[in-house]
Structures are given as C-alpha cells and as structure tokens.
Peer 1: 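Dropping the structure in here first, questions after.
Throughout, a chain's letter reflects where its sequence line sits, starting with A, and its residues are numbered from 1. Because only heavy atoms are used, hydrogens play no part in the values below, and waters and symmetry mates are left out as well, while side chains stay in.
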Number of protein chains: 2
Amino acid sequence: MRRPAKTPPAGRRSAKPRPAPAAKPYHHGDLRRVLIEAAMQLVGEGGPEAVSVREAARRAGVSPGAPFRHFPSRDALINAVAEEAQRRFRAEIQAALADAPPGDPLGRFRCLGIAYLRWAMKNPTHFEIISSRRFFDHDRSAGVSSDNAELIGLSERTLAEALSAGQLGTRDLKQVQIAGRALVYGFARMHIDGHLPRWGVGEAEAERMAADIVDLFIAGIAKRSAAPAAKV
Amino acid sequence: MRRPAKTPPAGRRSAKPRPAPAAKPYHHGDLRRVLIEAAMQLVGEGGPEAVSVREAARRAGVSPGAPFRHFPSRDALINAVAEEAQRRFRAEIQAALADAPPGDPLGRFRCLGIAYLRWAMKNPTHFEIISSRRFFDHDRSAGVSSDNAELIGLSERTLAEALSAGQLGTRDLKQVQIAGRALVYGFARMHIDGHLPRWGVGEAEAERMAADIVDLFIAGIAKRSAAPAAKV
DNA sequence: CAATCCGTGTAATCGATGCTTACATTCACA
DNA sequence: TGTGAATGTAAGCATCGATTACACGGATTG
C-alpha cells in the first residue's frame, strides 16, 4: 500500500511562517493547516486511500513524525479532510437552494438533487471520503455529522412543503425521501466508481443524464394533475 | 495498514493434499483455491482492504511468499475474489428472474431490482468489491465484465418488453434504465456505507424499505392507466 | 527403473507504511 | 529574563507487498 509519491524533496516553503522568510525555521508555523491541505490534495489525486501521513509530511517539508503532534493517527487526518470536504459540500448545496425560487417546493427539491449531483461529480474523491464510511466514521465526527444532519433536514422540510402545497402524488414522505437520496447517491457513486461508461453514458453526457434522472424521479412522485415542477 | 490478524499458527491442514494425510507435505495441493477462499473470508470480515496476502498465506498455512506463485500481486488475488463474487451475484439474480412470472415484464423488472438489493444487502462486502473500482478494474477482468454485461442486458431486455407491452409511461428507456440502476445501487451503498440509520431506517426495516422504494420507482415509470405491476 | 525438469513452496531481504519514544528547539508567558 | 509547554527531529518497531535465490518433489521421459 501507500504509493511511492515521486515528489520527495521538491517545493517546500510555501509561505507560512510569519517572522522571517529566510532559512527554514524550526517551527513550521501552521503545520496542521498545511497537512490538511496536503492530505486533501492527496485525496484529490488518488482517493482516500492514497493518503499517507509520511507523504503529507513530505509535502509539508517536515519530518515523518511531525504530523502526529497534530493528528493522533492517520484516520484522524483523514477525518479532518472529511470535515473540510463536508463543510464545502453543505455550503454549496445551501447556496444553490438559496438561489432557487421560493415558491414551488417541488422545484426546490429538484434543485437540491441537481446541486447534490453537481458537487459530487465535480469533486468525486472528496465526495467519496464523506460518503463511504470505510475511511472514517461519520458519527464520530461532530462536524461532519451535524453538517450532514442539516442537509437531511433541509431535504425533509422541502419535501414536506411540497406535500403541503399539494404537489406530491404520494403521502409517504419517508419513502420518497429515501428513494430520492438513493437515486442521487447511486448516480454519484456510479460516476465515481466508473459505472457510467458501461451503461452507455460518456463523460460529456453525464451531467445531462444526472439532470434527466432527477427530472424523471420528480415527475414520478409529482401529483399527476398538478402543474409540473418548473425546469430551471 | 493491514490488521494484525490474531490467528497466527492456528488451524492449518484443512484437507487438501491428495496423497497422505500424514505430516505436512511440501506441496500444498490446491493452494490457489484455498487462497481465494481465505481472501473471500477476509473480505467478509473486514471489507476489501482487509485483504492481506500474508494473512491469506497464514490461514492457508503457507509461507508469505507462496501466494505470489499463484497471483502476481495482491490486486490479482482481490481480482479473483471479485470474479467469484460476481459469478455468485449473477447466478442469484438470474435464478430470481427465472422464478418470476413470464407475463408482466414490468413485474419482472421489479423482481430484478428486489433480487439485486437482496443479494447486495446480504453480502455487503462482496457487493462492495464488485462495485467500487478502487479495489480492482472491472474492465481488466473478462469474467467480471462479461457477467456484468449480461446483467445489464437482462435489465435492458426486460424493460424493452415492458415498453412493448405498453406498461411504461415513458419511452426513454435509457433514462429509466440508468435511474433504476442508480436507485438500487444507491440504496445498496447506503446500506453498506451505514447511511440508513441516519435516515431513520433501522436494520430490521431495511429490507422492507428496499422493496418499497423499488415499488415507488416502478409506480413512477408505469403507465398511469395501466394495471399496476403485480406485487409478488 | 532412474534421471531430470519444472511447478511449487521456503527463507531472506527490500522499501514502504503507521506509530511510538527519546531528544532538541523555540515560542509564549510569568 | 527564565522556564515550561508546544512543536519538530531522529531513530526504531511492527506490518505490509513484492522480489530473489534456493529447496523440494511429482511427473515426464530415456
């Protein structure tokens, strides 16, 4: 395990120490932050399991043992990466929903799905790290857990509004909720796991297909007689 | 990485050598088979990344280098496990479809989804190994690839029959195809990745919920006026 | 029947990793 | 100004995957 890395003694000194930009100071300055960034970069390059404490230390220009002053274990480092990723994910979803039209709850629910898929497909490795519990335990991280709960709540509220507005053709919100989540999570993972080409969906069409299946789902749960959710 | 294992010199000799059941023979007899079985067991215990060549060798009662006579790399061993898992998966899906009523293609499509989820939830770690391409490359394994293609074809044909029979409310089979796959794949992964509790679905209700969301999806794509797919 | 060949297993070794411990350095506060 | 806590270094342990040289022995031949 753990790839060789190919970047042993390259670019260190990336402007962190406040005092003098001269010879390498004994103390790094903001090692924790830099380690997280290096680890996020590693995740982006080779997925969660490509994260190695030594490599992160190497990229930070620091000895192999140094990271353990900031993270008790490799898992803790990965956890920090996950928290950062989850924070960005939640921020983007919420921003997208803020842009959605206030009326038409079902249309907002749709926007939620689209925004979810857009971020997941644009940040596949980071999406994976916050999804697959193999790399860290959601419930052990207050940050990730609460961010996630917030997104779940957002989805639940939006769907409840759609029901109140008479836009749904079913009353079992929990089923719709889970099915919707399974749909977007499944498509995101199909993209990440490289299944889409096997289903005849090329990289170029992926985003379009993502929107299409969300629309298909929305149409499936919408009240038949009601006006269809606006396609934004 | 790689867990300690805790089973160093325990039960070796598990009845493989043909000649004499006496003292351990120099040659194992059927090491390749036993290694795959040990690796499958490891996958079942701790997921794909819990597979270690040394541990498999240990369980087979053989030296750490021996497995490399049969598998050029750890990945090749995992690949063999994946092929075996995919074979079983395909067999079970096909068996389930064979039991489904011949008429009512949409009902058969539903059975496909149910059988898919049943196997995935019963064999989470093996499902993961054949799904997530992080552990091996589908397209590099003829066995896995062809088994998978067969399942995709099965799904496509069934859905096309449903369209011919006038059971569908849409004509874009590809969208329905992908959405259906995303739905079941997503739910299976939610189960594997431990998301369901966060969505208020306990272990006991998981199988029921799986069936419910498949039904919800089927209802969503079915022709409105048509008779609903039989709930088997 | 005997000699040899080659598939298969062993032993030793390499470099990578996560993690720990003992020591060194420097920052910040009294 | 001094001193303690924070933070980095050096060295070392265990595990792992993978390679290499060697040992065994069943099967094929002459």
Peer 1: Measure from CG on L42(A) to C1' on dT17(C) and round the result to the nearest Å.
Peer 2: 14 Å
Peer 1: Closest approach to the side chain of R74(A), judged atom by atom: which nucleotide of dG17(D), dT9(D), dG18(C) is it?
Peer 2: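 Within the option list, the nearest is dG18(C).
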Peer 1: Between R33(B) and E37(B) (salt bridge meaning N to carboxylate O under 4.0 Å), is one present in this structure?
Peer 2: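 Yes.
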Peer 1: From CZ of R32(B) over to P of dG7(C), roughly how many Å is that when rounded to an integer?
Peer 2: 15 Å
Peer 1: Which of the following nucleotides, dT10(C), dC19(C), dA18(D), is nearest to the side chain of S73(A)?
Peer 2: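 Out of dT10(C), dC19(C), dA18(D), the nucleotide with an atom closest to S73(A)'s side chain is dC19(C).
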Peer 1: Given dG17(D), is OP1 or OP2 found less than 4.0 Å from the side-chain N or O atoms of S52(B)?
Peer 2: yes
Peer 1: Taking the inter-plane angle between the rings of F89(B) and F127(B) on a 0 to 90° scale, is it parallel (under 30°), tilted (30 to 60°) or perpendicular (over 60°)?
Peer 2: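 Ring orientation of F89(B) relative to F127(B): perpendicular.
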Peer 1: Report yes if at least one side-chain N or O of R58(B) is closer than 4.0 Å to OP1 or OP2 of dC16(D); otherwise report no.
Peer 2: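 Yes, such a contact exists.
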Peer 1: May I have the distance from L35(B) (atom CG) to dT8(C) (atom C1'), rounded to whole angstrom?
Peer 2: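 Atom CG in L35(B) sits about 12 Å away from atom C1' in dT8(C).
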Peer 1: Pick the closest DNA chain D nucleotide for R54(A) and for H70(A) by heavy atoms, then say which residue is nearer the 5' end.
Peer 2: H70(A)
Peer 1: With distance as the sole test, does S141(A) use its side chain to make a donor-acceptor pair with the main-chain N or O of H138(A) at under 3.5 Å?
Peer 2: no
Peer 1: Nearest whole angstrom, please: distance from the C1' of dG12(D) to the CZ of F68(A).
Peer 2: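 Result: 14 Å.
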Peer 1: Roughly how many Å is it from CZ in F71(B) to P in dC16(D), rounded to a whole number?
Peer 2: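 Distance check: F71(B) CZ to dC16(D) P gives 18 Å.
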Peer 1: I'd like to know whether the aromatic ring centres of F217(A) and F187(A) sit less than 6.0 Å apart in this structure.
Peer 2: no
Peer 1: Tell me: CG of L31(A) to P of dT26(C), nearest whole Å?
Peer 2: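 So the two atoms are 16 Å apart, to the nearest Å.
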Peer 1: Could you state the CD-P distance from E49(A) to dT17(C), rounded to the nearest angstrom?
Peer 2: 15 Å
Peer 1: From CD1 of I78(A) over to C1' of dT17(C), roughly how many Å is that when rounded to an integer?
Peer 2: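 So the CD1-C1' distance, I78(A) to dT17(C), works out to 13 Å.
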